[in-house]
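Heads up: the structure comes next, in structure tokens.
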Protein chains: 2
Amino acid sequence: MDKLEKTLESRTVRPTAMRLLVLKFLLQKKVAVSLTNIEEYFDNSERTTLYRTLKTFEENGIVHQIDDGTGTIKYAVCEENCNCELEQDLHLHFYCNNCDETVCLTEYKIPHINLPEGYLAENVNLVIKGLCEKCSGH
Amino acid sequence: MDKLEKTLESRTVRPTAMRLLVLKFLLQKKVAVSLTNIEEYFDNSERTTLYRTLKTFEENGIVHQIDDGTGTIKYAVCEENCNCELEQDLHLHFYCNNCDETVCLTEYKIPHINLPEGYLAENVNLVIKGLCEKCSGH
DNA sequence: TTTATAGATGCAATGGAAGTGCATTTAGTG
DNA sequence: CACTAAATGCACTTCCATTGCATCTATAAA
């Protein structure tokens with residue numbers, strides 16, 4: 001629990017009870033979660049508080065948003081050396097059509113893409129959809 | 001106008017007045033448009049009709065959806081040899097942070113991505129955000 | 001210890017977009 | 001002309017993101 005507190009404090013985020021619980025939850029999940037996921041997990045919790053908790057986390061580099069194309073935003077804890085603030089590097093995301101889970105494939109980087117003359121890239125988002133290892137049957 | 005009708009009929013879509021107008025609009029736009037965009041263009045048109053028109057177009061390979069990460073679905077007319085039904089054509093999409101427009105870069109294919117053992121790709125979506133040629137200033 | 005105050009939380013409400021059910025109209029077919 | 005299937009219009013519902021404001025709480029200053 002102490003480690004969680006330190007994580008928050010090192011990012012100048014006050015370690016309230018709720019924030020610690022949310023962070024713990026996010027860390028133990030290996031997949032990206034939506035606001036609704038968290039809301040369901042903490043049974044009678046305030047959606048707004050969770051929403052703002054995630055927002056605070058995001059603003060302070062604790063989590064990053066993932067748009068996996070399902071329409072709802074997912075969140076995942078930033079890696080040690082996650083440079084998502086740089087709007088670059090950006091590993092890719094995999095969404096499973098079967099189990100409806102989204103994972104960060106942090107080891108898998110997005111290859112460099114050539115753009116037409118005049119286009120300036122600031123951010124890249126690559127989502128692959130298909131079957132994850134659990135659901136593909138091999 | 002005759003050409004538009006033929007496009008629809010070759011796809012077994014009945015060429016109603018509204019559908020022809022929507023198709024014409026989509027064709028003249030060089031960027032991907034949202035349902036709301038179309039609704040605004042055809043001032044007092046029925047959102048539902050437009051919604052179902054786009055759905056029909058999509059089901060018949062006339063347009064394809066684009067998820068550019070803004071949260072709202074965009075639509076673009078399929079190219080001559082667009083094989084978006086195959087879930088594998090895989091050109092990339094560019095979203096301009098400045099002018100808020102999304103374009104299909106049909107010439108630019110998504111490179112092959114290696115996935116971890118057990119993962120099965122069915123669909124790939126790559127969106128690059130940044131500044132388009134109009135907004136980058138060069 | 002009390003007080004001031006900034007920050008965190010809870011509640012209510014808004015707004016945008018997708019999607020559906022059903023009644024009505026329209027357009028092809030016999 | 002009449003029948004039928006498709007297309008359209010209207011009224012909802014649902015889901016999620018987001019905000020305003022009131023209230024509570026914890027930390028720092030007096």
Side-chain angles (χ1 to χ4, degrees), chain A residues 1 4-25 32-60 62-76 95 100 102, chain B residues 1 4-25 32-60 62-76 95 100 102:
Chain A
M1 204 51 124
L4 294 176
E5 282 192 21
K6 272 175 188 157
T7 303
L8 292 185
E9 278 172 349
S10 72
R11 299 284 185 166
T12 65
V13 173
R14 241 153 67 176
T16 67
M18 200 65 215
R19 285 175 179 170
L20 289 169
L21 286 171
V22 171
L23 180 57
K24 189 180 174 189
F25 175 68
V33 298
S34 68
L35 177 55
T36 306
N37 290 154
I38 304 178
E39 199 186 2
E40 283 163 1
Y41 182 78
F42 296 107
D43 229 19
N44 31 5
S45 57
E46 253 302 299
R47 187 181 182 82
T48 314
T49 302
L50 296 175
Y51 172 75
R52 286 197 260 240
T53 295
L54 289 171
K55 199 171 180 181
T56 303
F57 282 6
E58 199 203 340
E59 284 165 0
N60 291 281
I62 296 167
V63 304
H64 61 263
Q65 284 195 3
I66 298 169
D67 167 32
D68 63 5
T70 58
T72 63
I73 300 165
K74 304 278 171 68
Y75 299 86
Y95 172 79
D100 193 45
T102 303
Chain B
M1 204 53 122
L4 294 175
E5 282 192 23
K6 273 177 188 155
T7 303
L8 293 186
E9 278 173 349
S10 72
R11 299 284 185 168
T12 63
V13 173
R14 236 148 77 172
T16 68
M18 200 65 214
R19 286 176 178 168
L20 289 169
L21 287 170
V22 171
L23 180 58
K24 190 179 172 190
F25 175 67
V33 296
S34 69
L35 177 54
T36 306
N37 290 154
I38 304 177
E39 199 186 0
E40 282 164 1
Y41 182 78
F42 295 108
D43 228 20
N44 34 3
S45 55
E46 253 302 298
R47 187 181 184 81
T48 315
T49 302
L50 296 175
Y51 173 75
R52 287 197 258 241
T53 295
L54 289 171
K55 198 171 181 183
T56 304
F57 281 5
E58 198 203 343
E59 284 165 0
N60 292 282
I62 296 167
V63 304
H64 61 263
Q65 284 194 7
I66 298 169
D67 168 31
D68 62 5
T70 58
T72 61
I73 301 165
K74 303 279 171 71
Y75 300 85
Y95 173 78
D100 193 46
T102 302

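Quantities reported herein were computed from a predicted structural model and do not represent experimental measurements. In the text below, chain A, chain B and the rest are named by the order of the sequence lines, each starting its count at 1.
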Q.
Expressed as a whole number of angstroms, how long is the span from B:Arg52:CZ to C:dG19:P?
A. 12 Å

Q: Grab the CG-P distance between B:Asn37 and C:dG16 for me, whole Å please.
A: 14 Å

(Q) Given C:dC22, C:dA17, C:dC11, identify the nucleotide with an atom nearest to the side chain of A:Thr48. (A) C:dC11

Q | Nucleotide nearest B:Arg47 when distance is taken to its side chain, options D:dG9, D:dA17, C:dA18 | A | C:dA18

Any side-chain N or O of [X] under 4.0 Å from OP1/OP2 of [N]?
X       : N      : answer
B:Thr72 : C:dA18 : no
B:Arg19 : D:dA7  : yes
A:Thr49 : C:dG10 : yes

**Q.** Comparing A:Thr53 and B:Thr16 on DNA chain C - which has the more 5′ nearest nucleotide
**A.** A:Thr53

Q) Mapping B:Gln65 and B:Pro15 onto DNA chain C by nearest heavy atom, which one lands closer to the 5' end? A) B:Gln65

Q: Look at the aromatic rings of B:Phe25 and B:Tyr41 and report parallel, tilted or perpendicular, splitting at 30° and 60°.
A: parallel

**Q.** Pairing residues for B:Glu39 by the salt bridge (charged side-chain N to carboxylate O under 4.0 Å, His left out) criterion, not counting sequence neighbours
**A.** B:Arg47

Q | Contacts of A:Arg14 that satisfy salt bridge (charged side-chain N to carboxylate O under 4.0 Å, His left out) - sequence neighbours left out | A | none

Q. Within the structure shown, what part of the strands sits under 4.0 Å from B:Thr36 by heavy-atom distance: base, sugar-phosphate, or nothing?
A. sugar-phosphate

